[in-house]
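Here the structure comes first, spelled out in structure tokens, and everything after it is commentary.
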Amino acid sequence: MNLYIETFGCQMNDRDSEIMVQLLEQAGYLLCQDIANADAIIVNTCSIRGKAEQKAYSLLGSLRRIKENHPTLIIAATGCVAQQEGKKMLSRMGHIDLVIGPQGIYDLPRLFADIRQSQSATSSASQVITPQDSQFHIPPFLPDLKHGNGHKRFVTIMQGCNNFCTYCIVPFARGREVSRSKEDIVAEASHLIDLGVKEITLLGQNVNSYGNDQDPEQRTTFAELLRAVAALPGLVRLRFTTSNPKDLSPALMDCFKDLPNLCHHFHLPLQSGSDTILSRMNRKYDRAGYLNLVKGLRQACPDLAITTDIIVGFPDESDDNFQDTMDLMEEVRYNAAFSFIYSNRPPARSCDFPDTISLEVKKQRLAIFQQRQKEISLERNQEYIGQIMELMVEGESKSGHGQWSGRAQYNQIVNFNSTTTYTPGDLVQVKITEGLQNSLRGELVES
Ligand code: SAH
Ligand code: SF4
Ligand code: F3S
């Protein structure tokens, strides 16, 4: 039985896809790269913006034809659109067999087996499994490394989000925050290291509030968890994502002072530089507070690379509000930023906010922001010229010819030439010779 999987969205979905593939391989499925050869197809969906949801629906819709020619094909929709839409998805698309939310994925092998059985009977048995149980715990799960990178991996430390930023669908799609136990996380991380993994990224929608849902007597804070994972022998690099600034603790800043394997990169989503908009977004920090965090982080770690997420065109964002975002961006000088035009995501609260700003203006703002960010990213990357940097090798570039790519701890890709053959995860020293908009170039330095 061949399994094909398509994943949209964030790293949480990437990690969930890895889990689904591993579980189904244990049940006898083989991962395939060509959808035409599949006996089962999983579409792991994202609903963060309207476009992401449309992409998922359009792929699912296109499967109707394939199913007509291959009636025993199993089609499963998983992820955030599946969780949110539930039964509605089946009424829109009758050719789907399974609609499964993030909490249901551990049951996939049994659900697939049930479908196979029902196919030999006459009635079809589509199922919708979308519970949002606040008592749900991600089961202990030891990953294999059969697919994807052998040198760097994600470890999910918590599910869901409690913050209800007014524009955001995640709390509806992923439910409330549920932290995994420190023991399970450390066990998964050390298992990965035993398998040869060199870099681990801890994942959650707001890792800073890790442990807040645990018994106060026994709770582990995110900073404590980070220290426990960093201490695992053999872990070369540690990263985490993502952080709502409102919960960034001084204890977390201190980790950058004394954890040698913690990479000097912090993704700190700003969303908007305007206090009016931040308050309407329910972000629970203001620009002064955000700038203070940046200052504290840079004091703790002077060479910290800071990246961010920005939304332009939030309902009724004025020119002045947008200018506040531009001003703040100039003040922080982010290494890189992801920026998006605001998208209505019912039932998120901001869908009911009055909005008199035209799409045209929103597009212009996005273009202005992105243009300026490109210039700043270039300037930032040029500041590294002359520095000696340690890279973790990612692989040989597609063109071959001794061109290699590595990643700096600051998260940029750095290209260099070498006649040596490396394994992904090897460390090399380079001197930076060129800074480009999205990458750096370096020359090998004899270590
Ligand atoms: N948990 C993270 C955000 C994860 S979602 C945080 O709190 O910062 C990733 C990014 O998608 C967000 O940072 C935001 O910039 C963007 N985003 C979320 N909802 C959006 C919406 N309705 N319209 C446009 N962008 C959105
Ligand atoms: Fe969405 Fe806000 Fe939660 Fe981030 S913190 S996932 S933006 S609700
Ligand atoms: Fe998308 Fe769900 Fe992640 S909405 S961004 S896949 S948590």
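Sequential numbering from 1 along the given sequence is applied to the chain's residues. Worth saying up front: this structure is predicted, and the values here are computed from it rather than measured. Just follow the structure's listing: the first ligand is 1, and inside any ligand the first atom is 1.
Side-chain atoms of Gln370 and Ser339 include a donor-acceptor pair closer than 3.5 Å. Side-chain contact of Ser47 with Gln84: a donor-acceptor pair under 3.5 Å is present, judged by distance alone.
Nearest protein heavy-atom neighbour of atom 3 (Fe) of ligand 3: Cys10 SG, 2.3 Å. The single protein non-hydrogen atom nearest to atom 1 (Fe) of ligand 3 is Cys46 SG, 2.4 Å, given as residue, atom name and distance. The protein atom (non-hydrogen) at minimum distance from atom 5 (S) of ligand 2 is Asn163 ND2, 3.3 Å. Nearest protein heavy-atom contact of atom 6 (S) of ligand 3 is Asn13 ND2, 3.3 Å. Nearest protein heavy-atom neighbour of atom 2 (Fe) of ligand 3: Cys80 SG, 2.2 Å. The single protein non-hydrogen atom nearest to atom 4 (S) of ligand 3 is Ser47 N, 3.3 Å, given as residue, atom name and distance. Residue, atom and distance of the protein heavy atom nearest to atom 15 (O) of ligand 1 are Gln271 OE1, 2.7 Å. Closest to atom 19 (N) of ligand 1 among all protein heavy atoms lies Tyr167 CD1, 3.3 Å.
Ligand-side atoms of ligand 2 in range of Tyr167: 7 (S), range being under 4.0 angstrom from any heavy atom. Close approach of ligand 2 to Cys161 is summarised as follows: ligand atoms under 4.0 Å from at least one heavy atom of the residue are 3 (Fe), 5 (S), 6 (S), 8 (S). Each of the following atoms of ligand 1 lies closer than 4.0 Å to a heavy atom of Tyr342: 23 (N), 24 (C). Heavy-atom contacts of Thr242 reach the following atoms of ligand 1: 1 (N), 2 (C) (cutoff under 4.0 Å). Heavy-atom proximity to Asn244, at under 4.0 Å, picks out these atoms of ligand 2: 5 (S). For ligand 1, the atoms sitting less than 4.0 Å from at least one non-hydrogen atom of Arg283 are 6 (C), 7 (O), 8 (O), numbered in the order shown with element in parentheses. Listed by atom number, the atoms of ligand 1 under 4.0 Å from Arg345 heavy atoms are 22 (N).
Remark: Arg298 does not engage Asp303 in a salt bridge, criterion side-chain N to carboxylate O under 4.0 Å. A salt bridge links Arg333 with Glu383: the closest approach of a Lys/Arg side-chain nitrogen to an acidic carboxylate oxygen falls below 4.0 angstrom. Look at Arg174 and Asp16 and you find a salt bridge, because one of the NZ, NE, NH1 or NH2 atoms lies within 4.0 Å of a carboxylate O, short of that distance. Remark: Glu224 does not engage Arg227 in a salt bridge, criterion side-chain N to carboxylate O under 4.0 Å.
By the 4.0 Å heavy-atom criterion, Lys51 is excluded from the residues contacting ligand 1. At least one heavy atom of Ile341 sits under 4.0 Å from some atom of ligand 1. Residue-ligand proximity: Met12 is placed with every non-hydrogen atom at 4.0 Å or more from ligand 3. In this structure, Gln205 counts as a contact residue of ligand 3, since one of its heavy atoms falls inside 4.0 Å of the ligand. Ligand 1 is approached by Ile48 to a heavy-atom distance shorter than 4.0 Å.
Under a cutoff of 6.0 Å and an axis angle of 45°, Arg49 and Phe340 form a cation-pi pair. For Arg92 and Tyr57, the positive end sits near the middle of the six-membered ring, less than 6.0 Å away and at most 45° from its axis.
Residue-level proximity to ligand 2 for Arg283 is carried by the side chain, the only part with a heavy atom below 4.0 angstrom. Looking at Pro171 against ligand 2, only its side chain comes within 4.0 Å, counting heavy atoms. With a 4.0 Å heavy-atom cut-off, ligand 2 is reached by the backbone of Phe164 but not by any atom from C-beta on. If you look at Cys165 next to ligand 2, the close heavy atoms, those under 4.0 Å, come from the backbone and the side chain alike. At a heavy-atom cutoff of 4.0 Å, ligand 2 is contacted by the side chain of Val170 but not by its backbone.
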Are Lys362 and Asp355 close enough, and set up right, to give a salt bridge (Lys or Arg N to Asp or Glu O under 4.0 Å), and what steps lead you there? CA-CA 11 Å; Lys362 294 180 182 189; Asp355 189 10; 2.5 Å; yes
Might you work through the salt bridge (Lys or Arg N to Asp or Glu O under 4.0 Å) test for Arg110 and Asp114, ending with a clear yes or no? CA-CA 6 Å; Arg110 183 185 63 75; Asp114 286 356; 3.0 Å; yes
For side-chain hydrogen bond (donor to acceptor under 3.5 Å, both in side chains), just list the numbers for Thr166 and Ser350, CA-CA rounded to whole Å, side-chain angles, deciding distance to a tenth of an Å, and then say yes or no. CA-CA 5 Å; Thr166 54; Ser350 58; 4.6 Å; no
Worked check of side-chain hydrogen bond (donor to acceptor under 3.5 Å, both in side chains) between His267 and Asn411: CA-CA 10 Å; His267 187 65; Asn411 213 31; over 6 Å; no
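Of the residues listed (Arg180, Lys182, Arg153), the one engaging Glu188 in a salt bridge (charged side-chain N to carboxylate O under 4.0 Å, His left out) is Arg180, and it is the only one.
Between the choices Ser343, Ser47, Cys10, the shortest heavy-atom distance to atom 23 (N) of ligand 1 belongs to Ser343. Of the candidates Asn208, Asp309, Ile169, it is Asp309 that places a heavy atom closest to atom 9 (C) of ligand 1. For atom 3 (C) of ligand 1, the candidate residues are Arg49, Gln205, Met12; the nearest heavy-atom contact is made by Gln205.
Phe141 and Tyr106 have perpendicular rings, their planes meeting at more than 60° on a 0 to 90° scale where under 30° would count as parallel. Note: Phe256 and Phe266 have tilted aromatic rings, judged against thresholds of 30 and 60 degrees for the angle between ring planes.
Residues Cys32 and Asn2 approach most closely at SG-CB, 3.8 Å, considering heavy atoms.
For the pair Asn282 (side chain) and Phe164 (backbone), a donor-acceptor distance under 3.5 Å is present.
At least one N/O/S atom of Cys168, from backbone or side chain, sits under 2.8 Å from atom 1 (Fe) of ligand 2.
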